[in-house]
Amino acid sequence: MPLLIIADDNAQMRWLVRTTFRGRFDDIVEASDGRELFWHLVRCSHTRAASEVFVITDIRMPNYSGLDVLATYDDLAFHPRTVVMTSFPDRDAYALTERAGGVLIPKPFATADLRRVVDHARQRG
Amino acid sequence: MMPTMSRGAAILLAIILSAFIAIGDQVTGVDVAFTVLYVVPIALVTWFAGFRHGVWIAVVCTGCSMLNAMLDQRPVFVTIWNELGLLVLFVSLAYLLGRHREHLEHERRQHRLTVDQLRHADRLNVIGTLAAGVAHEIGTPLNVISGSAELIPYARDPEEVVDMANVIREQVERIGAIIRHLLDFGRRAGIKTAPLDLNDLARSSTLLLVPIARKRKAEIDVEPAISPVPVRGNIAELEQVISNLILNALQAMPTGGKVSLRVGVASRPGTTDDDRSFGAVTVEDDGVGIAPDALPHIFEPFFTTKGVGEGTGLGLSVSYGIVRDHGGSIEVDSARGHGARFTVLLPLDQPA
């Protein structure tokens with residue numbers, strides 16, 4: 001049962017991603033900051049396999065950034081497939097995303113591109 | 001401090017001094033005290049014009065001394081021997097002083113270079129913060145706008161199309177607000193001002209924030225000055241400044257607390273205005289405070305210590321711009337864990 005977790009501090013951005021993936025995931029949950037995303041992941045790590053969870057997260061968020069949360073994957077021993085969205089894709093963002101096994105997509109992006117990136121990541125398993 | 005006298009003036013002064021010393025030397029009967037005085041013009045020229053010119057003055061001084069010795073009819077061999085020794089002494093003095101001067105100049109150049117590099121790094125840092133802020137604050141709504149437009153053809157019903165149109169409109173308004181704030185910071189002119197009392201300003205700025213403070217389990221305590229504190233300004237803009245400082249104070253106290261607002265008259269010690277009096281509004285909280293490394297940057301656009309969702313990082317920079325345009329300043333005093341105190345200083349409106 002694939003679950004999509006969308007993390008972004010902008011409610012409209014979460015709405016946009018949710019609408020883009022409507023019908024493509026069995027369940028979609030939202031997180032408005034890094035802490036919420038982290039606790040979603042902690043819960044998922046006890047109830048689901050990492051292959052059943054997909055994360056789409058922003059970087060700049062209150063409390064913890066998306067990259068802070070990605071850095072906890074090893075400690076959680078939980079590595080869901082992840083797409084990181086950012087308006088400021090610097091070298092650090094690429095490196096940290098890659099280290100966590102994620103894919104980075106710079107904002108602004110076309111929803112079709114986001115769909116393509118997510119589909120590609122899901123196929124890759 | 002490095003040389004402030006021009007090379008020509010130093011040489012001229014040294015020659016005049018040498019002449020006076022030579023005359024004095026002759027009048028007093030070739031006295032060794034006068035001979036020692038020759039070091040003054042040599043040191044003067046070496047310091048202000050460099051070693052090469054110092055050597056020329058040393059030669060001139062030795063010549064003066066030699067002339068005096070000859071007029072005093074001293075034995076030629078002794079005179080030549082003495083004057084050669086004197087010349088070596090003078091040139092050595094000029095050399096040592098010249099080396100010291102070069103060393104100081106080198107240090108000064110290095111210092112200036114380091115300061116320039118630090119300024120450049122700071123500018124780059126500001127531009128980086130600005131770029132990241134603009135990218136995030138405008139990039140995200142742009143993404144929502146383009147995404148919503150793409151999704152309109154796939155809307156399930158007309159109501160959803162209306163929702164998407166509303167989302168687009170809201171995001172456009174958000175971008176507009178960000179741009180307005182940025183322009184407010186960079187270009188502010190032609191504001192309408194009127195006489196006002198800082199006591200009234202403090203009270204009116206607080207009115208709308210009391211419910212927010214209550215919700216956050218905080219209280220706002222206003223302590224007006226005993227007599228009116230007249231300043232000249234744009235009340236709407238100054239209200240924006242004080243409200244912004246109070247809001248920041250409330251956000252810095254996540255578990256509640258007290259925000260104190262004091263009105264009074266203050267000076268700016270240690271500045272060129274230290275003898276002038278200013279109207280002052282102080283906003284003080286007992287919140288989390290500001291880290292020392294963040295303190296120099298808090299008035300930069302998009303710099304924020306709050307979470308991204310809590311503020312754009314424009315509030316303080318806009319406030320700074322407003323107060324600056326009123327001829328005033330904002331002073332900050334804070335330590336991590338010990339709250340923060342912001343003081344808005346505005347020129348008093350002196351009666352004509």
Side-chain angles (χ1 to χ4, degrees), chain A residues 6-24 28 30-38 56-69 83-94 104-118, chain B residues 124-125 127-157 159-175 177-178 251-252 254 288 301-314:
Chain A
I6 305 162
D8 199 302
D9 57 311
N10 184 309
Q12 265 87 25
M13 194 68 204
R14 295 197 302 273
W15 168 85
L16 177 72
V17 178
R18 178 186 272 273
T19 310
T20 303
F21 291 101
R22 194 166 52 197
R24 287 171 171 252
I28 299 178
E30 293 181 16
S32 60
D33 61 29
R35 188 182 289 147
E36 261 188 66
L37 170 63
F38 175 73
I56 299 177
T57 179
D58 186 21
I59 291 183
R60 281 174 61 134
M61 292 188 289
N63 299 321
Y64 302 118
S65 77
L67 294 178
D68 290 338
V69 178
V83 170
V84 174
M85 315 176 281
T86 180
S87 310
F88 201 66
D90 58 6
R91 205 179 294 167
D92 284 350
Y94 274 107
L104 191 137
I105 181 165
K107 288 179 187 175
F109 49 75
T111 51
D113 288 339
L114 180 63
R115 264 199 300 268
R116 207 171 299 126
V117 169
V118 170
Chain B
L124 287 181
N125 196 23
I127 291 168
T129 310
L130 199 71
V134 170
H136 183 81
E137 294 301 329
I138 295 183
T140 302
L142 269 181
N143 210 145
V144 176
I145 291 166
S146 65
S148 302
E150 285 169 35
L151 290 174
I152 284 176
Y154 307 102
R156 285 183 296 202
D157 48 53
E159 216 170 275
E160 200 169 66
V161 175
V162 174
D163 286 346
M164 287 171 178
N166 281 334
V167 167
I168 291 173
R169 186 179 47 75
E170 279 169 23
Q171 297 302 305
V172 169
E173 279 170 11
R174 183 175 166 163
I175 293 173
I178 298 284
Q251 283 171 341
V288 293
F302 290 115
F303 181 84
T304 179
T305 54
K306 302 174 198 166
V308 176
E310 289 175 56
T312 57
L314 283 171

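Labels below follow one simple rule: chain letters A, B, ... track the order of the sequence lines, proteins then strands, and each chain is numbered from 1. What you see below is based on every heavy atom in this structure, not just the backbone, and it leaves out hydrogens, waters and symmetry mates.
Of the possible polar contacts, one joining the A:Asp68 side chain to the A:Ser65 backbone as a donor-acceptor pair under 3.5 Å is found. For B:Gln171 (side chain) and B:Val144 (main-chain N/O), no donor-acceptor pair under 3.5 Å exists by modelled atom type.
In terms of heavy-atom proximity, A:Gly34 sits nearest to A:Val69 at O-CG2, 3.4 Å. Nearest heavy atom pair, residue A:Met13 against residue A:Phe109, reads CE-CZ, 3.5 Å.
Using a 4.5 Å heavy-atom cut-off against chain A, the contacting residues of residues 161-169 of chain B are B:Met164, B:Val167. Residues of residues 17-24 of chain A lying under 4.5 angstrom from chain B, judged on non-hydrogen atoms, are A:Thr19, A:Thr20, A:Arg22 in numerical order.
Separating the CG atom in B:Leu151 from the CZ atom in B:Arg156 is a distance of 11.0 Å, to the nearest 0.5 Å. The OG1 atom of A:Thr86 lies 11.5 Å from the CD1 atom of A:Ile105; values are rounded to the nearest 0.5 Å.
With contacts defined as side-chain heavy-atom distances shorter than 4.5 Å, the pair A:Asn10/B:Arg174 qualifies. Looking only at side-chain heavy atoms (C-beta outward), A:Asp33 and A:Asp9 stay at 4.5 Å or farther from each other. You'll find the side chain of B:Asn143 reaches within 4.5 Å of the side chain of A:Leu16, heavy atoms only.
Per-residue heavy-atom pair counts under 4.5 Å with chain A were compared for B:Ala149, B:Gly147, B:Pro141, and the maximum is reached by B:Gly147. When each of B:Leu142, B:Thr140, B:Ile138 is scored by its heavy-atom pairs under 4.5 Å with chain A, the top score falls to B:Thr140.
Applying the side chain to side chain donor-acceptor pair (under 3.5 Å) criterion to A:Glu36, with sequence neighbours excluded, gives A:Ser32.
Screening residues 106-117 of chain A for salt bridge (charged side-chain N to carboxylate O under 4.0 Å, His left out) gives A:Asp8-A:Lys107, A:Asp58-A:Lys107, A:Asp113-A:Arg116 as the qualifying pairs, with residues at least two apart or on separate chains.
With a 4.5 Å cut-off on non-hydrogen atoms, B:Ser146 touches chain A through its side chain but not through its backbone.
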